[in-house]
Amino acid sequence: MMKHMSPPLADLNLPKGVHRFRRLPDEQLGALWDSIILEESLKAQLLSQAMLNFTLRGKVDRSVIPLHGVILLVGPAGTGKTSLARGLAHRTAKAFKGGAFRLLEVDPHSLTSSAMGKTQKAVSELFSQSIAESAASGPTIVLLDEVETLAADRSKMSLEANPVDIHRATDAVLVQLDALAESHPNLLFVATSNFPQAVDSAFTSRCDLVMQIPLPDREACALILKDCLTGLGKTFAAIGKLPASAQFERCAAECVGLDGRAIRKMVANALASSPQTAMNPEQVTIEDLLAGALAAKANRNHGGKGK
Ligand SMILES: Nc1ncnc2c1ncn2[C@@H]1O[C@H](COP(=O)(O)OP(=O)(O)OP(=O)(O)O)[C@@H](O)[C@H]1O
Ligand SMILES: [Mg+2]
């Protein structure tokens with residue numbers, strides 16, 4: 001008889017609201033950190049703030065420096081915030097050798113419920129039990145992706161959903177953050193949002209660092225495009241040579257205004273510019289990429305973002 005396969009240990013008993021648990025450091029996350037093209041000074045600032053969280057808190061009284069252990073990354077969709085947050089967790093853990101760090105990834109959508117009072121209860125339990133337990137047994141980094149879902153701006157509640165409940169969920173997040181800040185100095189929240197106007201100002205005010213992640217400038221666009229083409233070049237050698245072509249810089253310039261995700265997707269669209277190219281991606285030309293970039297930009301402008 002075949003033995004029944006059990007699920008991987010890490011997936012067992014994940015508390016409600018936590019959709020992934022990882023031990024750190026994790027080199028896969030290190031690759032994410034490296035893959036995001038961002039001014040080195042911003043990356044260094046981010047990493048330093050995260051490191052300071054674990055060197056200072058616990059040793060210096062909160063009446064001197066009231067750190068909450070929260071970093072917020074805000075910026076347009078597709079600019080690498082989630083990737084940076086995961087990568088940051090890895091790099092921070094790596095800086096403290098043998099620190100036994102772990103990363104909890106929270107899925108805020110799984111906590112929200114239309115039933116009265118349920119969201120608030122789920123939020124309170126997640127923070128006061130699951131997260132507190134993890135922090136009690138070792139340094140813990142918590143990814144709060146799309147935090148506007150949990151810490152919604154109470155001053156802008158729409159009446160459509162269940163405003164009282166969302167109001168209470170935001171209150172619960174703030175109460176829990178304050179409590180954890182007092183009791184667990186070896187805890188760091190890294191939150192992301194591409195909709196900062198929707199994040200409650202009391203949450204933002206508790207953040208130790210709010211960093212704006214910008215759209216890539218021309219130089220960054222060229223690096224992202226090159227990285228993408230070089231990566232494809234490992235499988236399709238001819239594509240790896242495109243960054244050396246005369247039109248490459250123009251193509252990169254046409255990407256300005258697109259986010260990093262859109263640039264990589266644009267390359268995929270160029271590979272699908274005809275059934276022949278799709279069947280044999282090595283046939284893609286720099287003209288296909290140029291057309292792809294122009295089309296992606298036109299689409300974006302059409303989408304109401306303006307020029
Ligand atoms: N600055 C960048 N450099 C290189 N690649 C990037 C950059 N920004 C985004 N990307 C690419 O876009 C993909 C999406 O990134 P990610 O999911 O981290 O963005 P995000 O800001 O969290 O987006 P969202 O706001 O929609 O959640 C990444 O896998 C990465 O390949
Ligand atoms: Mg994201």
Side-chain angles (χ1 to χ4, degrees), residues 19-20 22 26-47 50 70-91 103-110 141-152 189-199 209-235 239 243 248 251-271 289 292-293 296-297 299-300 303-305:
H19 79 109
R20 191 181 271 162
R22 299 185 215 236
D26 178 333
E27 288 303 333
Q28 266 186 342
L29 302 185
L32 273 185
W33 175 263
D34 295 334
S35 77
I36 299 300
I37 313 285
L38 182 72
E39 235 179 83
E40 275 312 315
S41 61
L42 286 183
K43 275 193 178 180
Q45 188 190 358
L46 196 53
L47 182 55
V70 188
I71 292 176
L72 173 62
L73 304 178
V74 295
T79 46
K81 300 177 298 294
T82 304
S83 311
L84 278 171
R86 291 194 173 118
L88 178 65
H90 161 80
R91 290 294 297 259
L103 172 65
L104 302 183
E105 294 191 11
V106 170
D107 174 11
H109 299 283
S110 70
I141 299 178
V142 179
L143 171 60
L144 291 179
D145 221 3
E146 301 176 15
V147 74
E148 69 277 0
T149 317
L150 282 186
F189 290 92
V190 186
T192 78
S193 178
N194 52 29
F195 199 28
Q197 317 87 296
V199 181
L209 171 70
V210 178
M211 183 176 280
Q212 307 282 338
I213 307 298
L215 283 175
D217 62 11
R218 188 190 155 127
E219 197 187 335
C221 285
L223 288 170
I224 296 169
L225 192 56
K226 188 171 175 205
D227 182 70
C228 186
L229 297 173
T230 312
L232 283 164
K234 287 182 190 153
T235 314
I239 301 181
F248 176 79
C251 193
E254 290 298 347
C255 289
V256 175
L258 297 177
D259 58 77
R261 179 191 285 139
I263 295 174
R264 292 183 194 269
K265 282 202 190 284
M266 174 284 279
V267 174
N269 292 147
L271 298 181
L289 286 171
K297 278 260 284 288
N299 248 338
R300 174 144 309 202
K305 287 257 162 94

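Sequence positions, counted from 1, serve as the residue numbers for this chain. First listed ligand is number 1; within each ligand, the first listed atom is number 1.
Distance alone, capped at 3.5 Å, is enough to place a donor-acceptor pair between the His90 side chain and the Asp26 backbone. Checked by atom type and distance alone, the side chain of Lys297 never pairs as donor or acceptor with a backbone atom of Cys255 at under 3.5 Å. Side-chain atoms of Lys43 come within 3.5 Å of backbone N or O of Ile36 as a donor-acceptor pair.
If you number the atoms of ligand 1 from 1 as listed, the ones under 4.0 Å from a heavy atom of Ile224 come out as 1 (N), 2 (C), 3 (N), 4 (C). Annotation for ligand 1: atoms under 4.0 Å from non-hydrogen atoms of Asn194 are 24 (P), 25 (O), 26 (O). Taking every non-hydrogen atom of Ile37 and a distance limit under 4.0 Å, the qualifying atoms of ligand 1 come out as 1 (N), 2 (C), 3 (N), 4 (C). Residue-ligand proximity, Gly80 to ligand 1, at heavy-atom distances under 4.0 Å covers atoms 8 (N), 9 (C), 15 (O), 16 (P), 18 (O), 19 (O), 20 (P), 21 (O).
The nearest non-hydrogen atom to atom 6 (C) of ligand 1, considering only Leu258, Ile36, Leu73, comes from Ile36. Considering Pro214, Ser35, Ser83, Ala77 only, the shortest heavy-atom separation from atom 16 (P) of ligand 1 involves Ser83.
Annotation: atom 31 (O) of ligand 1 to nearest protein heavy atom, Arg264 NE, 2.9 Å. Of all protein heavy atoms, the one lying nearest to atom 13 (C) of ligand 1 is Arg261 CB, 4.0 Å. Of the protein's non-hydrogen atoms, Lys81 N, 3.5 Å is the one closest to atom 20 (P) of ligand 1.
Between Glu146 and ligand 1, a contact under 3.5 Å exists for no N or O pair. An N or O contact shorter than 3.5 Å links Gly78 to ligand 1 by distance.
Residue Asp259 places no heavy atom under 4.0 Å from ligand 1. Within the structure, ligand 1 lacks Thr192 among the residues with a heavy atom less than 4.0 angstrom away.
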Practice task
Please lay out, stage by stage, how Met211 and Leu84 fare under the test side chain to side chain contact (heavy atoms under 4.5 Å, CB included).
Solution key: CA-CA 11 Å; Met211 183 176 280; Leu84 278 171; over 6 Å; no
Practice task
Could you walk me through whether Lys81 and Thr79 pass side chain to side chain contact (heavy atoms under 4.5 Å, CB included), step by step?
Solution key: CA-CA 6 Å; Lys81 300 177 298 294; Thr79 46; 3.5 Å; yes
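Checking each of Leu144, Thr149, Val147 against Val106 for a side chain to side chain contact (heavy atoms under 4.5 Å, CB included) leaves exactly one that passes, namely Leu144.
A distance of 15.0 Å separates SG in Cys221 from NZ in Lys226, rounded to the nearest 0.5 Å. Remark: Leu46 CG to Leu88 CG distance equals 4.5 Å, nearest 0.5 Å.
Side chains of Asp145 and Thr192: a donor on one and an acceptor on the other come within 3.5 Å. A side-chain N or O of His109 and one of Glu146 form a donor-acceptor pair less than 3.5 Å apart.
For a distance threshold of 2.8 Å, the protein N, O or S atoms nearer than that to the Mg ion (ligand 2), listed by chain and number, are Thr82 OG1.
Residues Leu104 and Arg22 form no side-chain contact, since every pair of their non-hydrogen atoms from C-beta on lies 4.5 Å or further apart.
Contact check on Lys265 versus Asp259 returns no salt bridge, with no Lys/Arg side-chain nitrogen under 4.0 Å from an Asp/Glu carboxylate oxygen.
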